[in-house]
Amino acid sequence: AKQAGRDGWARYDAALGEALRVRAALEHDLRRALAEDRITPFFQPIYDLPGRRLRGFEVLSRWNDPERGYVPPDLFIPLAEELGLIERLSEQVLDRACAALTGWPTDLPISFNLSPRQFADASLPRRVLGILDRHGLPGSRLEIEITERAVLADLEVARRIIAQLAAVGVRISLDDFGTGTSSLAILTQLPIDRIKIDRSFIAEVDLLPERGKIVSGVLALARSLGLDVTAEGIERDEELAFLAERRCALGQGFLLGRPQPAEGVAAMLEAEAGR
Ligand code: C2E
Ligand code: CA
Ligand code: CA
Ligand code: CA
């Protein structure tokens, strides 16, 4: 038995060692990707429903590594947060997104995701506004997407950050609405402009009565509070129809458009302008 125990520990050790090596390699490559400015903004279109007019884009970070290939943000964003690299990553990606935006024939806004720890950093407004300024963009071209996890860390700091951003016309969206434990409390505590209904509620919303009722309820709630709404992750015609019927204003999802690089958006906008 003792022997088996020791073997077990040895296996555990080996597995742990392997996990640490994998992580260290990823960290190394992430640092290199940042140094080489290889993390780029993709843009997912946001439409008014039922999908007639383009209303903006959500910026999503993409890392295409020459050796690893595509690394999903759900993997590298948390690592960047942990390593204290998220500020730098965000600034690079926002800077590139703004550069792209100024070249497009449109005055639509972009939505940009921020991580919890950034929302506890009082220097955030100065950094963000510095980037907008550098590109000659007004605050009204930017929406910031935050999760309640972000806001809760320090409500006072979050309030001050939002006030400073709002003063120049930057709008605030509460992302992944409904997935946390205190989505409703936040609405009473902070001046949120928009909620984004999480994809988990939109999937098969037309087929599952409970889900349908929740989404209808959230839409009614938003209307009575004067909040704008975006539905995320629309993949099927029936989901789109369900949302449009209940007057959900905006939507995004693979059905309407996938995230694409800046060049793709430029071509799309030019085609639209030339129509
Ligand atoms: P999110 O902010 O909730 O972004 C929406 C995610 O849903 C994106 O995944 C998008 O590609 C995906 N999506 C959009 N429409 C559909 C659909 O119809 N079906 C399905 N199945 N998925 C859809 P992505 O790009 O992999 O990003 C994952 C998460 O990583 C984001 O979730 C966000 O939390 C985070 N993230 C991405 N870029 C950044 C960034 O620059 N900064 C920060 N802080 N977080 C980021
Ligand atoms: Ca988002
Ligand atoms: Ca979301
Ligand atoms: Ca999400």
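Heads up: numbering here begins at 1 and tracks the sequence. In each ligand, atom 1 is the first atom listed, and ligand 1 is the first ligand listed. Everything quoted here is computed from the prediction, not taken from an experiment.
In this structure, Pro72 does not count as a contact residue of ligand 1, since none of its heavy atoms falls inside 4.0 Å of the ligand. The closest approach between Glu81 and ligand 1 stays at or above 4.0 Å for every heavy atom of the residue. Using a non-hydrogen distance threshold of 4.0 Å, Val93 does not register as a contact of ligand 1.
Distances between N or O atoms of Ser90 and those of ligand 1 include no value under 3.5 Å. Looking at ligand 1, you'll find an N or O of Asn113 within less than 3.5 Å of one of its N or O atoms. In terms of polar-atom proximity, Arg62 is counted as a contact of ligand 1, with an N or O under 3.5 Å from an N or O of the ligand. Considering backbone and side-chain atoms together, Tyr70 places no N or O closer than 3.5 Å to any N or O of ligand 1. Geometrically, ligand 1 and Phe112 share no nitrogen or oxygen pair separated by less than 3.5 Å.
Residue-level proximity to ligand 1 for Glu58 is carried by the side chain, the only part with a heavy atom below 4.0 angstrom. Using a 4.0 Å cut-off between heavy atoms, Ile77 contacts ligand 1 through its side chain alone, with no backbone atom that close. Heavy atoms of Asp176 found under 4.0 angstrom from ligand 1 belong exclusively to the side chain. For Arg258, no heavy-atom contact with ligand 1 is shorter than 4.0 Å. Counting heavy atoms under 4.0 Å from ligand 1, residue Gln252 does not touch it at all. Residue contacts with ligand 1 for Asp175 involve side-chain atoms from C-beta outward but no N, CA, C or O (heavy atoms, distance under 4.0 Å).
Within the 3.5 Å criterion, the main-chain N or O of Ile86 finds no donor-acceptor partner in the side chain of Arg117.
Between the side chains of Ser183 and Glu148, at least one donor-acceptor pair of N or O atoms lies under 3.5 Å. Judged by distance alone, the side chains of Thr230 and Arg194 do bring a donor and an acceptor atom under 3.5 Å apart.
Considering only heavy atoms from C-beta on, Thr40 stays 4.5 Å or farther from Pro261 through its side chain.
Among Asp74, Thr179, Ile86, Leu75, the residue whose heavy atom sits closest to atom 28 (C) of ligand 1 is Asp74. If you check each of Glu232, Arg236, Glu235, Gln118 against atom 19 (N) of ligand 1, the one with the closest non-hydrogen atom is Glu235. Among Arg117, Gln92, Arg199, the residue whose heavy atom lies nearest to atom 7 (O) of ligand 1 is Arg199. Here atom 26 (O) of ligand 1 lies nearest to Pro73 when heavy atoms of Pro73, Ser61, Ala80 are compared.
Residues Glu204 and Arg236 are not paired through a salt bridge, judged by the lack of any N-O separation under 4.0 Å between the basic side chain and the carboxylate. One finds a salt bridge joining Arg127 and Glu91 here, because a Lys/Arg side-chain nitrogen approaches an Asp/Glu carboxylate oxygen to under 4.0 Å. A salt bridge links Arg23 to Glu82: at least one charged side-chain nitrogen sits closer than 4.0 Å to a carboxylate oxygen.
The two residues Asp175 and Glu232 make their nearest non-hydrogen contact at OD1-OE2, 3.3 Å.
By the criterion of a separation under 3.0 Å, the protein N/O/S atoms near the Ca ion (ligand 2) amount to Glu58 OE2, Asn113 OD1, Glu145 OE1, Asp175 OD2.
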